[in-house]
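Please find one structure pasted underneath; my questions will follow.
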2 protein chains.
Amino acid sequence: MVELGLILAISVLGLAFAGYLITWVMARDTGTPAMREVSDAIKAGAEAFLRRQNKTIAIMAAGLACLIFIVYGFVRQHEAFDPTETSLELAFWTTLSFVLGAICSVAAGYVGMWVSIRTNVRAAAGARTSLNEALQIALRGGAVSGLFVVAMSLLGVAGLFGIIYATKGGFSGSVAAAAQIAPKIPLMIAGYGFGASFVALFAQVGGGIYTKAADVGADLVGKVEAGIPEDDPRNPAVIADLVGDNVGDCAGRGADLFESTAAENIGAMIIAATLYQSNAGKLGTNVLGIMLFPLVARAFGIVASIFGVMFVKTDGKEDPMHALNRGFYVTAVLAAAGFCGASIWLLGDYWLNFFLCGLLGIVTSLLFVFITQYYTEYRFKPVQDIAQASIAGPATNIIQGIAVGLECVWMPCLVISGAILGSYKLGDSSGLTHAGLFGTAVATMGMLGTAGYILAMDTFGPITDNAGGIVEMSIGHDQPEVREKTDKLDSVGNTTKALTKGYAVGSAALAAFLLFSAYIDEINHYTEGRHSMTAVNLNKPAVFVGALLGAMLVFWFSALCIKAVGRSAQKVIEEVRRQFKSLPRENGIIVFPAGYKPDYGTCVDIVTKDALRQMVAPGLLAVGMPIGVGLLLRALKTPDDPLLAAEGVAALLMVGTIAGILMALFLNNAGGAWDNAKKYIETGAHGGKYLTAPDGTKTKNPVHGAAVVGDTVGDPFKDTAGPSLHVLIKMLSTITLVLAPLFL
Amino acid sequence: MVELGLILAISVLGLAFAGYLITWVMARDTGTPAMREVSDAIKAGAEAFLRRQNKTIAIMAAGLACLIFIVYGFVRQHEAFDPTETSLELAFWTTLSFVLGAICSVAAGYVGMWVSIRTNVRAAAGARTSLNEALQIALRGGAVSGLFVVAMSLLGVAGLFGIIYATKGGFSGSVAAAAQIAPKIPLMIAGYGFGASFVALFAQVGGGIYTKAADVGADLVGKVEAGIPEDDPRNPAVIADLVGDNVGDCAGRGADLFESTAAENIGAMIIAATLYQSNAGKLGTNVLGIMLFPLVARAFGIVASIFGVMFVKTDGKEDPMHALNRGFYVTAVLAAAGFCGASIWLLGDYWLNFFLCGLLGIVTSLLFVFITQYYTEYRFKPVQDIAQASIAGPATNIIQGIAVGLECVWMPCLVISGAILGSYKLGDSSGLTHAGLFGTAVATMGMLGTAGYILAMDTFGPITDNAGGIVEMSIGHDQPEVREKTDKLDSVGNTTKALTKGYAVGSAALAAFLLFSAYIDEINHYTEGRHSMTAVNLNKPAVFVGALLGAMLVFWFSALCIKAVGRSAQKVIEEVRRQFKSLPRENGIIVFPAGYKPDYGTCVDIVTKDALRQMVAPGLLAVGMPIGVGLLLRALKTPDDPLLAAEGVAALLMVGTIAGILMALFLNNAGGAWDNAKKYIETGAHGGKYLTAPDGTKTKNPVHGAAVVGDTVGDPFKDTAGPSLHVLIKMLSTITLVLAPLFL
């Protein structure tokens, strides 16, 4: 009971601190009227999109909620081993938690975006004072989103748990009663994770399509055809592009990490319950202490992240990335200390092994960050090779980039393999029965301990990107030294965004194993005493087919995401060309009239509508496929093999996850590497952006042109399909958790 | 015994007929001296490469053979359940079959190439007479390769089986003795499949790198920079490009399909043995009849292919593809009839279900051909969408092409799922025990029934490609009507090559399940009476790690193949540029002196050396990874779970296969679609190859330029990495079959 109180208290503290950061950020200067004008346009576009997107998602979620209620309450027969007394009660809790998860996920995304579209102009204004001022504003604005997400997800899971535990009389009952009640609760609140991931899926897919359709459209006509720089106010798609950074990177990623932490917490609780039950007596009488251990460890992580964020400052001379890295190390060390404390407190004699598991998780997160840097930063060979290949043209640039993307999976896979085997072994050798799996769950919690800080760094990306755009579109011409500062932060922001993706894939991979096991534990709970699922046996045709279709889902889903960007970008290109058509030209080059101001609204409108329409197909595919395969295989089950469908769905989940992790690594890192290969050339490598002839005339460098092709191809890879795959992986876990009874 | 005789007789008949076709082709006219000169240059280059490649492969294979002998003979302990009396005997048979498989695979590749580099000039000469003459010469030349491959693989497997059966006294012994001896033999000859796939892997990887490095290099400087047409004699890399078609497409693919048929035959025999043993009495006393049924069915397929090839003729007016399709239908119908006969003869009362399985396999092969056509021919939407996307530039062309490639996996996956579940169900409902798996094995044999004809169509591709090149480089200028005919055949050849790849992936996918099961049957045979592997349980950490690493292998391997092409192409580009540097220029455009003849030899030499060097890394990765993972997991096994390593390797094999199938489909079809999108634009779509200004001046159409980028990117996809993945998948199956005892 103390544990629950502590978790709730720290969650509330996290939210309160986020509130404090909001007032701190909002009290900063908002700059000149010109800056505010740009910021207002971004704000209006972003809020309009999110409103419409949330409406679309709300309708679909409401439909799904009704369906869940009907299926659980009326279609499915009540079974003796259900965690509730009646079908209706199970339907009630599952639907309620689904709805709550969906609402909280929407709220997390919305708050993140609300703050970031207000922080961007303040960071831009702060850059007029000092780099430190801008850095702190951007990071603290990002931290609001980060803290809100992790605190809300913890509060939601712990709160729902507490409510059900209280209504069932857990607090007033005996120790034996508590041990009866508590393990059933995670099964009743699995819907929370599913609600969160359902929203996250559409938010990330829709936002991802929006951001890259606008970006590709703006770049291809603006930069390539008209030859105007990035974020130039004369580009009709520039506001849509800046809006996209917010809706894709803030809102989407916020919802993504919200659901990650929620889903993994619930999964860890299911595993902890099994651990407690398999070790009668050994773990004391406090079932809550074991089941809530993962949540306590995560709560300490929130405190660590707060310290980490407040620790960051720079003197304006060093690379701001170093300042952010210092903050990360502080967070990691404090999170490790918190983990140690939580282990000693709640796990008693067995604390050391599990503390080491948590430490392994923290180390894994560091390794993922390093590997991502190696493959996507231009200090290292992979990106330099891509730049080198650009000399022979766009085709060799693409070939090399794809090769780098495909190659980069090997190190992360080895790290994950090591982390899974290592934490399992550590758990297993703790002396407890069935503790290996709990070890991997604890490692996942360790990895997620720094999530608050990582997410703050992530949201820092779009904020500084926007700040740079605002400066460029307002005072950039007159005060190049301000633009220089925001450029520095923007480039750091690009790195932090890439790192977060590496972290997100890594945590998805580590969590995968825990979530599979939660699903299997759940199946066995439902079928207790009749059958038991001991294996996910790939050597049965139906199970193999489930696995094949899981991997196929990943390819098809990625295709739909990438295609949607191509299609929407096409429309933006047409609109920008339409607006440019009437402008005067000299030698085919547009001569912009002084004070030319394009119509930004049409592009914003086009992308908004198109992104919302195109997010539906991949979303429905992702939700429909596991259900469809489950129901199909259910039709094939025989009395000899009553769990065939559940097993086939497990294979779909597992192999889909493996394929998803690899595909996401490929897409994210290829995209990041292409992006930075272009930036590397812009620093002057291979001739730089322009070539100067002996007579002084400047011409475009074709090597840079080839690198721009790669950069454009990488856009939908790294910002639409890749991040959407993270969500897909977790959504598969939660949908199978919630719908497991349907496949029996 | 009759069965064995029949198989051997038909194999020899197939070889004899191939011999007849060789004399038929060699008796054709070899054209003008100019044509012979080009052909001789190709011949010299191809033979030099193959000689050096075979030397490299021979050294590695010899090393591996010694290793296998030592490990089996001296390191590994003899077990009571080994199929032989002593360790040394098992070592002897395994090593012998490995060596034989390697030699036969080399021979199959060599003969295919030997004939095709002699058929090309004769097909070119034949095109001066009529389209039909050229078509028949090219197809019959291709059929030599096709028949040789299928007949040799059958002869090898059946011959080895017969020899061991005879030495063990199977022919003279009682029925009971035969039932004891026969099932053990496939375990002793599994090395044959491994030897074949070891050679095939290096042949396909090396040949694939050669062909595309030369092609990309020739195109990027020749077509794009110098503006000279395809196969122009002024291009220094043109001979290397034509050589590449032979070593990559003939020799590589020949070795590939040789090992497919060999591996799948052995796998099917293992499954058949298990079926016979599980149905004591029901299947009569003739164990050979059941075990050799798959081989008999395949033997009839050889006869069907001979008829199909001889049936093809054209009147010169219709699309030659129709003529080839007619031949394919004839083959399919005859193969089905042969299947029916074999089923009735050998399976008695149970014939109908298994005949239907075979039919399902044949239908699957047809469906794969249709799906491949849909995704890669410009009559259909996917390719047209790519052409459309080229309007906005190379970046959107690439984005769309990748989306098409990722999307195209869904239909093949559904077809394969249907085929696996359907044939399993059909087998299962035959009334025999454990017959489901035999059903899928029989479906695979059905699919492979038409392999001879398909391979003839495939080798038809490089022959007509070469014929076109020879005409272009000799008489093309003076006799455009001949070039027109060879162009027609070349375009058909492109289609047939794409179809074969679809067929090869499809058969690999269908065979996968059979080969997994053979592996598990083998493990259980070795551990009989002590442990038994009942499942490949993804829900164990070590097994999950095996699965993750299997999928990772596919990505990494693809990366190495693609990267190698990029790197070698770079060297060709430099060499071509070096040769062009000294030529006079006007406005930057090269003005070739009359009678200019470049130095072809340097390019041939560069690609030869580079391809041989670069094939080593992906090859060793593919061979080393399953062994490494197996030995690593063996170190983790516990007394509770003695089969842990074997199970982890099974997961590596299965999930590696799933990832490999999807990746190969992606790479092959994206590459094919890009190729044809470019060809579609060349037919005049979106402005065609050149734009004509109002004043009559011709300029390059940038839409075509964008499509050329896609085509170039697709080259290493569809001709290096994709086909190499087919071989990788099968090699994983055979290496695990052979080395299974090591993981116990």
Side-chain angles (χ1 to χ4, degrees), chain A residues 216 220 224 389 392-396 398-400 402-404 406-407 409-410 413 416-417 420-421 424 436 440 513 516-517 520 535-539 541-542 544-545 547-549 551-552 555-556 558-560 562-563 565-566 569-570 573 636 650-651 654-655 658-659 662 666 709 712-713 716, chain B residues 216 220 224 389 392-396 398-400 402-404 406-407 409-410 413 416-417 420-421 424 436 440 513 516-517 520 535-539 541-542 544-545 547-549 551-552 555-556 558-560 562-563 565-566 569-570 573 636 650-651 654-655 658-659 662 666 709 712-713 716:
Chain A
V216 170
L220 280 187
V224 180
T396 41
I398 299 289
I399 290 176
Q400 186 68 27
I402 287 178
V404 164
L406 289 172
E407 184 193 298
V409 304
W410 76 271
C413 284
I416 282 298
S417 300
I420 291 177
L421 293 177
Y424 194 91
T440 64
F513 198 68
F516 304 157
S517 310
I520 292 171
V536 178
N537 183 6
L538 268 186
N539 197 35
F544 180 72
V545 164
L548 179 67
L549 295 181
M552 179 264 261
F555 278 65
W556 197 3
S558 306
L560 290 178
I562 293 173
K563 225 175 183 173
V565 172
Q570 200 67 36
I573 290 171
L636 294 179
M654 290 176 178
V655 177
I658 291 177
L662 291 170
F666 161 56
V709 172
T712 311
V713 171
Chain B
V216 170
L220 280 187
V224 180
T396 41
I398 299 289
I399 291 176
Q400 186 68 28
I402 287 179
V404 164
L406 289 172
E407 185 194 298
V409 304
W410 75 271
C413 283
I416 282 298
S417 300
I420 290 177
L421 292 177
Y424 194 91
T440 63
F513 199 69
F516 304 156
S517 310
I520 292 171
V536 177
N537 182 7
L538 268 187
N539 196 36
F544 180 72
V545 164
L548 179 67
L549 295 181
M552 178 265 260
F555 279 66
W556 198 3
S558 306
L560 290 178
I562 293 173
K563 223 174 184 175
V565 172
Q570 200 67 37
I573 289 172
L636 294 179
M654 290 176 178
V655 176
I658 290 177
L662 291 170
F666 161 57
V709 172
T712 311
V713 170

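Labels below follow one simple rule: chain letters A, B, ... track the order of the sequence lines, proteins then strands, and each chain is numbered from 1. Predicted, not measured: the structure shown is a model, and the values here were computed from it.
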**Item:** Which atoms of A:Leu538 approach chain B - backbone, side chain, both or neither, heavy atom under 4.5 Å
**Value:** both
**Prompt:** Is it the backbone or the side chain of B:Ile399 that comes under 4.5 Å from a heavy atom of chain A, or both, or neither?
**Reply:**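 For B:Ile399, heavy atoms of backbone and side chain both lie under 4.5 Å from chain A.
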**Message:** If the condition is ring pair (Phe, Tyr, Trp, His ring centres under 6.0 Å), which residues does B:Phe516 pass it with, not counting sequence neighbours?
**Reply:**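 So B:Phe516 forms a ring pair (Phe, Tyr, Trp, His ring centres under 6.0 Å) with A:Phe544.
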**Prompt:** Using a cut-off of under 4.5 Å for heavy-atom pairs, which of B:Pro716, B:Cys413, B:Ser558 has the most such pairs with chain A?
**Reply:** B:Cys413
**Message:** Heavy-atom pairs under 4.5 Å with chain A - which of B:Pro541, B:Pro394, B:Ala389, B:Ala403 has more of them than the others?
**Reply:**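 Heavy-atom pair counts peak at B:Pro541.
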**Asked** For chain A, which of B:Leu549, B:Ile573, B:Ile416 has the most heavy-atom pairs under 4.5 Å?
**Response**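 Sorted descending by pairs with chain A, the first entry is B:Leu549.
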**Proximity breakdown for B:Leu662 and chain A, heavy-atom pairs closer than 4.5 Å** =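 Both parts, heavy atoms under 4.5 Å.
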**Message:** Let's test your reading of the structure: which of B:Val565, B:Asn539, B:Leu636 forms the most heavy-atom pairs below 4.5 Å with chain A?
**Reply:**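 Answer, by heavy-atom pair count under 4.5 Å with chain A: B:Asn539.
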**Message:** If you count heavy-atom pairs within less than 4.5 Å of chain B, which of A:Thr712, A:Val655, A:Leu421, A:Ile420 leads?
**Reply:**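 With the most close heavy-atom pairs to chain B, the winner is A:Leu421.
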**Asked** Heavy-atom distance under 4.5 Å to chain B: side chain of A:Thr396, backbone, both or neither?
**Response** side chain
**Request:** Taking B:Asn537 for its side chain and A:Val536 for its backbone only, find out whether a donor-acceptor pair lies under 3.5 Å.
**Result:** yes
**Request:** Output the option from A:Ile658, A:Val709, A:Ile562 having the highest count of non-hydrogen pairs under 4.5 Å with chain B.
**Result:**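 The residue among A:Ile658, A:Val709, A:Ile562 with the greatest pair count is A:Ile658.
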**Prompt:** Is it the side chain or the backbone of A:Glu407 that comes within 4.5 Å of chain B heavy atoms, both, or neither?
**Reply:** both
**Request:** Side chain from CB out, backbone as N, CA, C, O: work out which of these in B:Leu548 comes under 4.5 Å of a heavy atom of chain A, or both, or neither.
**Result:** both
